[in-house]
Amino acid sequence: MPFVTTADGTEIFYKDWGPHGAQPIVFHHGWPLSADDWDAQMMFFLGEGFRVVAHDRRGHGRSTQTSGGHEMDTYAADVAALADALDLQGAIHIGHSTGGGEVARYVARHGQASSRVAKAVLIGAVPPVMVKKESNPGGLPIEVFDGFRQQTASNRAQFFVDVPAGPFFGFNRAGAEVKQGMIDNWWRQGMMGAANAHYECIKAFSETDFTEDLKAITVPTLIMHGEDDQIVPIADSALLAAKLVPGAELKVYPGLPHGMCTTHPEIINPDLLAFIRK
């Protein structure tokens, strides 16, 4: 399997499909998943002639289960190592949820300086900051994330059923068409990763403040968010992030859940393609 080795010896697993001379699209997955969460997008854009790349974050999926580095600075540095190793030029970086935070930090601190990034997309993304504090009164209380930690540490196998079976895909909404395969695939991806990485990543996605990263982004940026996102509420994420990224385009999807890339690719993929081809 293909891996890139980072400065601290971590092996980052990646997928790299399509012609290497084509424009690359790099996908950044959410917690606690893997590159496999982007199957619906990677297949679509492969069919459109792009080079599609996705990696497993350290401690997730098939990458090394490390004892440290589970914070955004290291995540972004790992992406920089991947982009350098594959010599990705003019790439579109697309991040979902935690991956959206990773994109913001990578683009602001690594990608633009190296001219490797052409555009950025944040989907259901965690920036600017999720946790409630004096400077972010609309955020979620720290007790919510403490609950995530407790459930991840004590019985993540059950927790990783409850999340996709409920709020992640919106399957807890009245009239929702529950798709067991999506739940099972979410569980499969989560259980491939390391419990310590998942536990520490909760702090990374909930407490990291991306405000300055968003302000520093200069490439064209699309922010996409489901109005019925129960995991990353839109009012304290996309609606604020769109005001911080210079010239950002905001697309809000009425009724769609956090996992809308998986539940509604027929809506999301064409919008992504239109933005990329502008």
Side-chain angles (χ1 to χ4, degrees), residues 1-18 24-43 45-46 50-86 88 91-107 110-111 116 121-126 152 156-157 159-160 163-164 168 182 184-205 208 258-259 261-262:
M1 293 192 294
F3 292 90
V4 164
T5 303
T6 67
D8 69 353
T10 299
E11 291 191 317
I12 302 296
F13 170 84
Y14 68 93
K15 303 178 183 184
D16 183 3
W17 305 343
I25 303 176
V26 183
F27 296 94
H28 304 242
H29 66 79
W31 177 93
L33 304 173
S34 73
D36 295 354
D37 197 44
W38 290 107
D39 283 354
Q41 283 68 49
M42 292 185 71
M43 291 298 293
F45 284 101
L46 182 66
F50 290 89
R51 178 183 182 182
V52 291
V53 177
H55 69 290
D56 292 353
R57 190 170 298 116
R58 65 169 55 212
H60 295 64
R62 291 140 290 204
S63 291
T64 303
Q65 296 195 2
T66 60
S67 61
H70 307 296
E71 34 71 29
M72 281 294 164
D73 286 350
T74 303
Y75 294 161
D78 289 347
V79 175
L82 175 67
D84 289 348
L86 300 183
L88 301 178
I92 314 295
H93 281 262
I94 302 176
H96 175 245
S97 197
T98 300
E102 185 176 272
V103 167
R105 183 137 300 180
Y106 166 74
V107 170
H110 300 275
R116 291 195 179 280
V121 183
L122 310 181
I123 306 176
V126 297
T152 297
R156 68 175 178 146
F159 189 39
F160 288 2
V163 173
F168 194 93
M182 289 183 183
D184 294 345
N185 192 39
W186 202 100
W187 184 91
R188 176 191 66 83
Q189 291 178 67
M191 295 306 293
M192 286 171 65
N196 69 315
H198 293 158
Y199 185 94
E200 294 179 24
C201 186
I202 294 167
K203 180 180 179 68
F205 75 65
T208 304
H258 187 62
C261 292
T262 301

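For reference, positions follow the sequence shown, starting with 1.
A salt bridge does not link Asp78 with Arg57: every distance from a Lys NZ or Arg NE/NH1/NH2 to an Asp or Glu carboxylate oxygen is 4.0 Å or more.
The ring pair (Phe, Tyr, Trp, His ring centres under 6.0 Å) search around Phe13 returns Phe3, not counting sequence neighbours. With sequence neighbours excluded, the residues satisfying ring pair (Phe, Tyr, Trp, His ring centres under 6.0 Å) with Phe160 are Trp31, Trp186, His198. Applying the ring pair (Phe, Tyr, Trp, His ring centres under 6.0 Å) criterion to His258, with sequence neighbours excluded, gives His96, Phe168.
Nearest heavy atom pair, residue Pro24 against residue Leu88, reads CB-CD2, 4.0 Å. Heavy atoms only, all atoms of each residue included: Ala157 and Trp187 are closest at O-NE1, 3.0 Å. Pairing each heavy atom of Ala40 with each of Cys261, the nearest pair is CB-O, 4.2 Å. The two residues Ala125 and Gly100 make their nearest non-hydrogen contact at CB-CA, 3.7 Å. Residues Arg58 and Gly68 approach most closely at NH1-O, 3.3 Å, considering heavy atoms. The minimum heavy-atom distance between Leu82 and Val53, with the atom names listed, is CD2-CG1, 4.3 Å.
Using a distance-only test at 3.5 Å, with no hydrogens or angles considered, no donor-acceptor pair links the side chain of Thr98 to the main chain of Phe205. Side-chain atoms of Asp56 come within 3.5 Å of backbone N or O of Ala35 as a donor-acceptor pair. Formation of a donor-acceptor pair under 3.5 Å by the Gln189 side chain with backbone atoms of Ser34 is found in this model. A donor-acceptor distance shorter than 3.5 angstrom exists from the side chain of Thr64 to the backbone of Glu11, with no hydrogens or angles considered. One N or O on the side chain of Asn196 and one on the backbone of Thr66 form a donor-acceptor pair closer than 3.5 Å. Checked by atom type and distance alone, the side chain of Arg62 never pairs as donor or acceptor with a backbone atom of Met192 at under 3.5 Å.
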May I have the step-by-step check of side-chain contact (heavy atoms from CB on, under 4.5 Å) for Glu71 and Arg105, ending in yes or no?
CA-CA 11 Å; Glu71 34 71 29; Arg105 183 137 300 180; over 6 Å; no
The test is side-chain contact (heavy atoms from CB on, under 4.5 Å); show your working for Lys15 and Asp36 and say whether it passes.
CA-CA 9 Å; Lys15 303 178 183 184; Asp36 295 354; 2.6 Å; yes
His55 vs Val4, side-chain contact (heavy atoms from CB on, under 4.5 Å): CA-CA, chis, key distance, verdict:
CA-CA 10 Å; His55 69 290; Val4 164; over 6 Å; no
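Using a 4.5 Å cut-off on side-chain heavy atoms (C-beta onward), Met191 and Arg156 make contact. Residues Gln41 and Ile94 form no side-chain contact, since every pair of their non-hydrogen atoms from C-beta on lies 4.5 Å or further apart. Residues Tyr14 and Leu86 have side chains in contact (heavy-atom distance under 4.5 Å, counting atoms from C-beta outward). Residues Met42 and Ile25 are not in side-chain contact: their nearest non-hydrogen atoms beyond the backbone lie 4.5 Å or more apart.
Ring planes of Tyr75 and His60: perpendicular class, angle over 60° (limits at 30 and 60°).
Around atom CE of Met43, no more than 12 heavy atoms belonging to other residues, nucleotides or ligands sit under 6.0 Å away.
Between the CG atom in Asp73 and the NE2 atom in His110 there is a gap of 7.5 Å [rounded to 0.5 Å].
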